[in-house]
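Just so we're on the same page: letters track the sequence lines, and every chain starts at 1. None of these values were measured; they are calculated from a predicted model.
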Amino acid sequence: MPGKVARVPTRLSQLFVRTLREDPADAEVASHRLLVRAGYIRRQAPGVFAWLPLGLKVRRKIEAIIREEMANAGAQEVHFPALLPREPYEVTNRWTDYGDGIFRLKDRKGADYLLAPTHEEVFTLLVKDLYSSYKDLPLSIYQIQDKYRDEARPRAGLLRGREFTMKDAYSFDYTDAGLDESYQRQRDAYERIFARLGLDYVIVEADAGAMGGSRSEEFLHPTPVGEDTFVRSNGGYAANVEAFRTIAPESRSYEKLTPAEVLDTPNTPTIQTLVDVANEKHPRPDGRAWTAADTLKNIVLALTALDGTRELVVVGLPGDRDVDLKRAEVAFAPAEVEAATEADFQKHPGLVKGYIGPWTAAGPVLGIRSETGIRFLLDPRVSDGSGWITGANEHGKHVFGLVAGRDFEADGVVEVAEVLAGDPAPDGSGPVELARGMEIGHVFQLGRKYAEALGLKVLDENGKLVTVTMGSYGIGVTRILAVIAEANNDSRGLIWPRNVSPFDVHVVAATKEPEVHAAAEKLVAEFEDARFDVLFDDRPKVSPGVKFGDAELIGVPVIVIVGKGIAEGRVELWDRRTGVKTPVGIGEVVDAVAALA
RNA sequence: CGGGGCGUAGCUCAGCUUGGUAGAGCGCUCGGUUUGGGACCGAGAGGCCGCAGGUUCGAAUCCUGUCGCCCCGACCA
C-alpha cells in the first residue's frame, strides 16, 4: 500500500486573495461583480483579466471535465501558439475579413502577426503537414487556448472579454458520413459536459453563414444577460433568430382581384398614421379594419461590401414588422448593413421617404429593371397573389390593393424581418416563443472550405486525391465559468455547483478559543486524509461575522463550522445553497460530507 | 462608431455649484479591549485630485484640449 500523500490544506490566512466588502464600481452583472469581489479575478485591461488562485482552481475544474469528455469523444489534445503569422489567414481571406476584430502586431522586421481569434487555419495546415492518407482519418484534435478578439465593446466581465479561453476542436474526415459521425461525437460530448457542469442549455440551429458549412448548432444557456435571441416551439424546434426561416404562404390566384388604386393619404409617413388614415378615409369594402399587417413597408438599407462599395437595397416586408439588423447582416453577409442615411436619399430623388413603393402607373420604381435600378427584395410573406397597401412614390399618396406578382415583381426574397412570438416554426411544430441566451458552445460542420483553401487532401482507397472535410467545435471555458457564476449566486455571494467548486469543503474555525482551533485543525486533517480538497479559514483574529461573510461570498457549497458546539463534540454542517445549518457530531462530519457527494 | 455617465487614498465615495492648498467609511500597521453574523478605543501609514495647457495672487474646484474607464446601442463566441 502506498503511503498517504502528504497534502496541505489551503489556509485562508495564507491564500492569495482579498475579498472586497463592496461591489466594484465597474462591474454590473452578477458574475463579474461577485468574481471580482470574492477574489477570483482582477481586471487588467478592458476585457482582460488576471486569474487569482481561486479563479484558477475553478477554471481547472471546468477544463478537467472538458478534457475528460474530449478523451471520451476520441479527441487528442494539442496546443498551438496564440501568436501566429499572417500567412495562413491570408490564404483564407480572414486576415482582411476579420477587419478590426483581431489584434494585429508586427515583429521587429515588420512582418505581420496576429493574436489568434480562432485556429482553423493552423490546425488544417498541421494535419496537412503530417497526414496524407485516408488511413490516418478520422482525426479529432483540440486545444484549450486563449483567444483574442478586439471587441468593439468588451462587457460584463468574463462574459465578453477580449482575451478568453476556449476549447476548440477540429475534426478531419474524408467522407461526408465521416464528418456527420465526428460532428455527432462532439455534439454528444458537449451534452455530457454541460450536464456535468449543471448548466441549462438549449441546442439551437445556427446560421451556417458565409462559411458555407452544412450544419451548425449553438448551445445556448437561457439567461436574460444573453446576447443571442433564439426561438423555440413546443414541438421541439429551436433556432437562433438569425437562422430562423419563414414559411412562405402559398401563391394565390389573382384573377378575381380588383385593380390597384392610388388614394390620398395625407400626412402618413409612418405605418401607424397610414393605418389610421386608411381606416378613416378608405375603409375596406367588407368592413374589416385595416391593420399594419395589410401594409407593405419598404425599408431602404445601405450595404457596404468588403471592398468598401456601397449599395442601396429596398426590402419590402409586412408593416407590422421591423427589420432585424442581425438577420439582415446574415442575409447580406459579408456586407455590412445599416439603415440608409439622409445622404443616401438625396442621391436617389426617386425614393420619396415615407411613401416608397415598387409601383407607379408609369412603371416600376424598384427592382433592377426599374428606373431607380435599386435592388428590391421581399419578405417571404409577400407571396404571389397577396394584396397590399403601399407607398405610391408620391407625398401623401398610397396605392391600395397592389398585388404581388401581378402589379410588381421583386429581385428576390430576403429574410430580414424580425421574428415575433407566435410565428409558426418552419418545421410545422407550432408557434414559437422568443428567449435570450448566452452562447456557450458551437458545433459546426465546416465542410471543405478550409481544406480546399489550404490544400488539405488525402489519398482515398482508390488512390484518388480527395479534399478533407472538417468540423469545428468550440466551447468557451472562461465564459462558461462566468455563466455558471451567473446562474449560481444569491445576494450574499457565489454558490458553486460541487463539480466546479474551488474546494470540496470550507472549514471555518468560528471562535478564537484554542480548543476550537485545535479541533478544526484535526478535522481538516481528517478531510485531507479522506481526499477532500479543503479550504480552511484559520485566521486567528478575524471575527466570526467576517468569516461567515467570506464563506458565503467565496461560495464553496459545503461549509463546516467548528465553534462553540465543540465542547459537546458537535460542529455544524452548513449548506451554502439552502442556508440550512445542521448540527453533526465531529466524528461523523467527514462521512456526512462524503455522503453529500 | 452613436448616446449617456465617471476619473479624488488599496476599495466605495464626499468635496467642485460659491477657487484659499485634501476628506469620510471600509481595508492596512501598532497597542489595548472584544469574540457565533461584517466589534470597539487610541495611535499611525497611505493621494502629482487621470494628463496637458490656460485664467488667477492662489485651481481638485473655473476654461480649453487630451487620455482613460463604465453603461446603453451598433458589432460580436
Side-chain angles (χ1 to χ4, degrees), chain A residues 18-29 32-33 36-37 39 42-48 98-102 117-119 146-168 206 209 216 218-221 226-228 240 242 304 324-326 328-330 333 336-339 341 437-444 472-480 482-483 492-493 508-514 516-517 537 539-553 559 561-567 570-572 574 579 581:
Chain A
R18 174 108 305 148
T19 56
L20 306 178
R21 189 173 290 224
E22 284 161 293
D23 283 334
D26 60 357
E28 202 78 2
V29 300
H32 186 196
R33 233 174 48 227
V36 171
R37 196 141 92 80
R42 297 290 294 179
R43 196 194 78 104
Q44 199 69 29
V48 181
Y98 250 108
D100 292 331
I102 50 176
T118 174
H119 283 79
D146 294 333
K147 309 286 181 190
Y148 297 84
R149 295 191 193 169
D150 189 0
E151 292 292 339
R153 183 154 96 82
R155 71 180 80 183
L158 259 24
L159 287 173
R160 168 157 303 283
R162 294 193 298 171
E163 178 187 80
F164 55 96
T165 305
M166 244 178 89
K167 184 251 26 173
D168 49 324
S216 173
E218 289 169 345
F219 288 71
L220 299 185
H221 171 73
E227 51 196 357
D228 283 286
N240 193 304
E242 293 169 22
T304 308
D324 179 329
L325 274 177
K326 283 191 178 182
E329 291 278 350
V330 169
E336 280 183 30
V337 183
E338 60 181 326
T341 62
M438 176 63 68
E439 183 175 349
I440 51 178
H442 195 161
V443 289
F444 192 174
S472 147
Y473 317 94
I475 279 192
V477 174
T478 45
R479 174 177 280 186
I480 281 174
V483 167
R492 295 166 180 274
V508 176
T511 79
K512 287 168 190 155
E513 313 302 327
V516 164
H517 275 258
D537 195 344
R539 293 175 294 179
K541 287 183 176 167
V542 174
S543 69
V546 172
K547 290 185 174 181
F548 294 157
D550 280 348
E552 286 168 313
L553 227 201
I559 304 162
I561 306 170
V562 182
K564 58 192 181 188
I566 206 69
R570 275 186 290 104
V571 297
E572 282 165 283
W574 183 10
K581 292 174 185 160

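Closest approach of A:L159 to A:A482, counting heavy atoms only: CD2-CB, 3.7 Å. Counting all heavy atoms, side chain and backbone alike, A:P24 lies closest to A:R33 at CD-O, 3.9 Å. Annotation for A:R42 and A:V36: closest pair NH1-CG1, 4.1 Å, computed over non-hydrogen atoms.
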Per-nucleotide protein contact string for nucleotides 68-77 of chain B (B base, S sugar-phosphate only, - none; heavy atom under 4.0 Å) | -SSBBBBBBB
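Taking atom C1' in both B:C48 and B:A9, the straight-line distance is 13 Å, to the nearest Å. Using atom P as the reference point in both B:U21 and B:C49, the two lie 14 Å apart (nearest Å). Taking the P atom of each, B:C67 and B:A24 are spaced 35 Å apart, rounded to whole Å. Comparing the P positions of B:C71 and B:U18 gives an interatomic distance of 33 Å, to the nearest angstrom. Rounded to whole Å, the P atom of B:G4 lies 25 Å from the corresponding atom of B:C76. Only the P atoms considered, B:C26 is 29 Å distant from B:U17, to the nearest whole Å. With both ends at atom C1', the span from B:U29 to B:G46 equals 11 Å, rounded to whole Å. Here, B:G38 and B:A43 have their P atoms 25 Å apart, quoted to the whole Å.
The nearest whole Å value for the distance from the CG atom in A:D537 to the C1' atom in B:G36 is 13 Å. Atoms CG (A:D23) and P (B:C26) sit 18 Å apart, rounded to a whole Å. Rounded to whole angstrom, the span from the CZ atom of A:R21 across to the C1' atom of B:G25 amounts to 10 Å. The separation between A:R42 atom CZ and B:G10 atom P is 12 Å, rounded to whole Å. A straight line from NZ of A:K512 to P of B:U33 spans 12 Å, rounded to a whole angstrom. Rounded to an integer number of Å, the gap from CZ of A:R492 to C1' of B:G37 is 8 Å.
Inter-residue side-chain proximity for A:R479 and A:E439 is flagged as met; some heavy-atom pair is nearer than 4.5 Å. At a threshold of 4.5 Å between non-hydrogen side-chain atoms, the residues A:R492 and A:F548 do not count as touching. Considering only heavy atoms from C-beta on, A:K581 stays 4.5 Å or farther from A:I559 through its side chain. Under the 4.5 Å side-chain criterion, counting only non-hydrogen atoms from C-beta, A:K147 is in contact with A:H119.
Across every strand in view, B:C13 sits in a pair with B:G23 that passes the Watson-Crick or G-U test at under 3.5 angstrom. The partner of B:A39 is B:U33, by the rule that a Watson-Crick or G-U pair needs both atom distances under 3.5 Å. Across all strands shown, B:C69 forms a Watson-Crick or G-U wobble pair with B:G5, both key distances being under 3.5 Å. Using N1 to N3 plus N6-O4 or O6-N4 for Watson-Crick, or N1-O2 and O6-N3 for G-U wobble, each under 3.5 Å, B:A45 pairs with nothing.
Base engagement by A:G563 is indicated by at least one non-hydrogen atom pair under 4.0 Å involving a base atom. Residue contacts for A:P117: at a heavy-atom cut-off of 4.0 Å it reaches no nucleic acid atom on any strand shown. Note on A:K581: a base of the nucleic acid sits closer than 4.0 angstrom, heavy atoms only.
Contacts of A:H32 classified as ring pair (Phe, Tyr, Trp, His ring centres under 6.0 Å), with partners at least two apart in sequence or in another chain: A:F49. With sequence neighbours excluded, the residues that form a side-chain hydrogen bond (donor to acceptor under 3.5 Å, both in side chains) with A:R160 are A:E151, A:E227.
For the pair A:S543 and B:A39, the criterion of a side-chain N or O lying under 4.0 Å from OP1 or OP2 is met.
Taking the side chain of A:E572 as heavy atoms from C-beta on, and the options B:G37, B:G36, B:U12, the nearest nucleotide is B:G36.
Not a single donor-acceptor pair, N or O on each side, falls under 3.5 Å between the base of B:G38 and the side chain of A:E22. Judged by distance alone, with hydrogens and angles left aside, A:E552 brings a side-chain donor or acceptor within reach of the base of B:G37, the pair sitting under 3.5 Å.
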